[in-house]
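So the structure is just underneath, and the comments pick up after that.
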Amino acid sequence: MKKFDVPSFFLRMALSAGFLSAVASRLSLWGNQSSGWEGFLEYAAEVNSFAPKTLVPAIAVASNILETCFGIMLLLGFKTRYAAYGAAILTLFFALAMTYSFGIKEPLDYSVLAFSAGSFMLATLPRFRWSMDELLSNKS
């Protein structure tokens, strides 16, 4: 077992859980602790204060679709490198939008930059232990 196997698996699971938990909250799957869709739309409008109000619902839907896809791909370890790069870019855009709309404190408080950096780091690892990628590469 290589020294990066366990930490990379943990990082993959943590990133996946972060995405899937956020989506679950927006869909009210966390019960009373959920933000709900309307709450998320309001927050998305605040974060994307530079965007026309008519685009906010599309931005919200697109971000949820991407977060769900990246979350599931990371959970399964399927196309991990692509999912990690996608997650890194998505969260970097989110951090930039938060910084523009609220200042640097908000993305730092919500660890969005750390999430993005962790995703970039995951994308650069040489292999992904305990993943579908590993299973599929062993069959080749």
Side-chain angles (χ1 to χ4, degrees):
M1 184 180 325
K2 302 284 185 194
K3 63 183 175 182
F4 56 78
D5 288 346
V6 173
S8 69
F9 176 77
F10 178 69
L11 179 57
R12 209 177 82 225
M13 293 302 105
L15 295 170
S16 174
F19 277 134
L20 296 177
S21 176
V23 172
S25 179
R26 296 168 197 153
L27 299 177
S28 299
L29 299 177
W30 283 118
N32 292 338
Q33 296 178 340
S34 295
S35 61
W37 186 252
E38 292 304 317
F40 176 63
L41 282 177
E42 290 172 17
Y43 184 65
E46 292 174 14
V47 169
N48 297 287
S49 62
F50 51 86
K53 298 291 181 210
T54 56
L55 282 181
V56 170
I59 291 169
V61 169
S63 70
N64 271 294
I65 290 170
L66 290 171
E67 289 179 60
T68 301
C69 290
F70 295 147
I72 292 170
M73 290 170 74
L74 290 168
L75 179 68
L76 299 175
F78 179 71
K79 302 287 184 183
T80 306
R81 195 168 320 283
Y82 294 119
Y85 276 126
I89 292 166
L90 180 65
T91 53
L92 182 59
F93 283 154
F94 185 42
L96 292 172
M98 290 174 82
T99 301
Y100 177 85
S101 297
F102 306 121
I104 191 64
K105 185 179 182 314
E106 189 96 352
L108 291 173
D109 285 355
Y110 285 95
S111 301
V112 181
L113 294 168
F115 200 101
S116 182
S119 298
F120 273 120
M121 187 179 88
L122 180 64
T124 65
L125 295 178
R127 67 182 200 166
F128 307 105
R129 187 77 186 259
W130 306 303
S131 67
M132 285 183 65
D133 293 337
E134 183 180 55
L135 289 173
L136 294 172
S137 71
N138 287 341
K139 289 187 177 188
S140 301

(request) Nearest 0.5 Å please: distance from the CG atom of Leu122 over to the CZ atom of Phe128. (result) 5.0 Å
(request) Verify the cluster assignment for Met132 and Leu20: are they in a single hydrophobic cluster under the rule of side-chain heavy atoms below 4.5 Å apart? (result) yes
(request) Indicate if Met13 and Trp130 have the same hydrophobic cluster label, given that clusters are the connected sets of ILVMFWY residues with side-chain heavy-atom separations under 4.5 angstrom. (result) yes
(message) Which heavy atom of Ala45 sits nearest to which heavy atom of Val56, and what is that distance?
(response) N-CG1, 3.7 Å
Donor-acceptor pairs under 3.5 Å, side chain of residues 85-99 to any protein atom, not counting sequence neighbours: which ones?
residue, atom, partner, partner atom, Å
Thr91, OG1, Ala87, O, 2.7
Thr91, OG1, Ala88, O, 3.2
Thr99, OG1, Ala95, O, 2.8

(request) Spell out, yes or no, whether Tyr43 and Leu41 are grouped together once hydrophobic residues are joined by side-chain heavy atoms under 4.5 Å, including indirect joins. (result) no
(message) If I take atom CZ from residue Phe9 and atom CZ from residue Arg12, how far apart are they, to the nearest 0.5 angstrom?
(response) 5.5 Å
(request) For atom CZ of Phe50, decide whether the heavy atoms of other residues, nucleotides or ligands shown that lie under 6.0 angstrom number more than 12. (result) yes
(message) For a quick test of reading the model, state the closest non-hydrogen atom pair linking Phe115 to Gly18 and the distance between them.
(response) CE1-CA, 4.3 Å
(request) Say whether, by atom type as modelled, one donor and one acceptor occur between the side chain of Ser25 and the main chain of Ser21 under 3.5 angstrom. (result) no
(message) Looking at every non-hydrogen atom in both residues, tell me the closest pair between Ala60 and Phe40 and how far apart they are.
(response) CB-CE2, 3.5 Å
Expected list for residues 68-82: side-chain donor-acceptor pairs under 3.5 angstrom, two or more places apart:
residue, atom, partner, partner atom, Å
Thr68, OG1, Asn64, O, 2.8
Thr80, OG1, Gly77, O, 3.2
Thr80, OG1, Asp133, OD2, 2.7
Arg81, NH1, Ala123, O, 2.5
Arg81, NH1, Leu125, O, 2.8
Arg81, NH2, Leu125, O, 3.2

(message) Can you list everything that forms a salt bridge (charged side-chain N to carboxylate O under 4.0 Å, His left out) with Arg26? Sequence neighbours excluded, please.
(response) Glu67
(message) Can a donor-acceptor pair be found, under 3.5 Å and without considering hydrogens, that links the side chain of Glu106 to the backbone of Phe102?
(response) no
(request) Could you grab the distance from atom OG of Ser28 to atom CD of Glu38, nearest 0.5 Å is fine? (result) 10.0 Å
(request) Establish whether Met121 and Phe19 are linked, either directly or via other cluster members, by ILVMFWY side-chain heavy-atom contacts under 4.5 Å. (result) yes
(message) Tell me if a side-chain donor or acceptor on Ser111 pairs with a main-chain N or O of Ala114 at a distance below 3.5 Å.
(response) no
